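Note sheet for the following structure.
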Amino acid sequence: GAVVSQHPSRVICKSGTSVKIECRSLDFQATTMFWYRQFPKQSLMLMATSNEGSKATYEQGVEKDKFLINHASLTLSTLTVTSAHPEDSSFYICSAREDSDGYTFGSGTRLTVV
Amino acid sequence: GDSVTQMEGPVTLSEEAFLTINCTYTATGYPSLFWYVQYPGEGLQLLLKATKADDKGSNKGFEATYRKETTSFHLEKGSVQVSDSAVYFCALSFYDYKLSFGAGTTVTVRA
């Protein structure tokens, strides 16, 4: 089946630095990818929709200057958390949509800002 | 707006017990409905889905039927195993492909 590879799986960074998370569709082309944030023991919150070759669409309340999304190719989307602070610590998950109305999720990235 | 409501957990069961997780939705129109499962420290995996009324999704012994009249998509399994311990999410989507998730239900199965 379809596979979405997300890296890194865990990252610890210092406050004020930036962190990039990659999401790759390995065996299919994904014109649309989604980025979610999950707080402990809570549901997934959609942050933004990433479209290949165009600007991402951010959900209300998500700072687009803090969470930079780039979807430069049909198989790669990146999320950069800029000037990270401890409150940005969370579990980030990407998802890619296949043409068949199926969604495949990455394995997630645990970000800890110290 | 569109939303999904799941029964609150956590749910604790013994092996071979019957599992039901209730899910209802509020939406304008007829969305596609999904159940996703998340094992500890991992991303989400699609468990099953249904795209129109009366469709039944099934996988790994789990079943859910799209009920338009009750706007529900309850998840059931007749005999759970320890390996079914996970968090289960009900979700819906429309043509814009955005998934709206329920709060998730944590299920723990004891041997």
Side-chain angles (χ1 to χ4, degrees), chain A residues 1-10 21-26 30-52 56-62 79 90-112, chain B residues 1-12 21 23-26 29-52 55 57 59-60 66 85-108:
Chain A
V3 177
V4 170
S5 175
Q6 185 173 344
H7 291 282
S9 58
R10 293 177 181 271
I21 302 169
E22 292 189 348
C23 181
R24 294 180 184 272
S25 56
L26 296 187
T31 55
T32 304
M33 290 188 177
F34 304 90
W35 287 96
Y36 295 85
R37 182 174 180 176
Q38 185 180 31
F39 293 97
K41 299 186 179 181
Q42 294 188 27
S43 189
L44 284 74
M45 179 191 78
L46 179 65
M47 299 174 65
T49 302
S50 170
N51 298 298
E52 187 269 335
T57 304
Y58 290 82
E59 296 299 303
Q60 190 173 10
V62 177
L79 167 67
S90 192
F91 194 58
Y92 294 87
I93 306 175
C94 69
S95 170
R97 181 185 175 275
E98 303 171 70
D99 292 338
S100 59
D101 192 35
Y103 302 82
T104 302
F105 285 79
S107 56
T109 298
R110 173 74 60 194
L111 170 64
T112 303
Chain B
D2 304 329
S3 66
V4 176
T5 302
Q6 278 181 248
M7 65 180 282
E8 292 187 13
V11 175
T12 302
I21 303 176
C23 171
T24 58
Y25 67 90
T26 302
Y30 304 108
S32 294
L33 301 173
F34 306 82
W35 277 101
Y36 283 88
V37 58
Q38 184 179 32
Y39 298 101
E42 299 184 11
L44 273 70
Q45 301 175 26
L46 177 65
L47 183 58
L48 53 84
K49 69 177 182 181
T51 58
K52 61 182 187 297
D55 269 1
N59 185 26
K60 299 181 180 180
Y66 191 143
S85 298
V87 182
Y88 293 82
F89 292 94
C90 186
L92 66 79
S93 76
F94 277 106
Y95 64 93
D96 62 357
Y97 313 136
K98 295 180 185 180
L99 278 167
S100 294
F101 287 92
T105 302
T106 300
V107 174
T108 302

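These numbers were taken from a predicted model, which means no experiment stands behind them. Order of the sequence lines fixes the chain letters, A, B, ..., with proteins taken first and strands second; residue numbering starts at 1 for each chain.
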Worked verdict on A/Y36 versus B/L99 for side-chain contact (heavy atoms from CB on, under 4.5 Å)
CA-CA 10 Å; A/Y36 295 85; B/L99 278 167; 3.4 Å; yes
Under 6.0 Å from the OH atom of B/Y39, do we count more than 12 heavy atoms belonging to anything else shown?
yes
Would a 4.5 Å heavy-atom cut-off, applied to side chains only, mark A/L44 and B/Y36 as touching?
no
So what's closer than 4.5 Å to chain A heavy atoms on B/F89: side chain, backbone, both or neither?
side chain
Residues A/S43 and B/A103: closest non-hydrogen pair is CB-CA, 3.6 Å
Hey, could you give me the OG/CZ distance between B/S93 and A/R97, rounded to the nearest 0.5 Å?
8.0 Å
Considering only heavy atoms and a distance below 4.5 Å, find which of B/G102, B/S100, B/G9 pairs most often with chain A.
B/G102
Can you find a pair of side-chain heavy atoms, one from A/F34 and one from B/K98, that are under 4.5 Å apart?
yes
Heavy-atom side-chain proximity of B/L44 to A/I93 below 4.5 angstrom
yes
N/O donor-acceptor pair under 3.5 Å between A/S107 side chain and B/E42 backbone:
no
Rounded to the nearest 0.5 angstrom, the CD-OG1 distance for B/Q45 and A/T104 is 10.5 Å
I'd like to know whether the aromatic ring centres of A/Y103 and B/F34 sit less than 6.0 Å apart in this structure.
yes
Side chain from CB out, backbone as N, CA, C, O: work out which of these in A/E59 comes under 4.5 Å of a heavy atom of chain B, or both, or neither.
side chain
Chain A heavy atoms under 4.5 Å from B/Q6: which part of the residue, side chain, backbone, both or neither?
neither
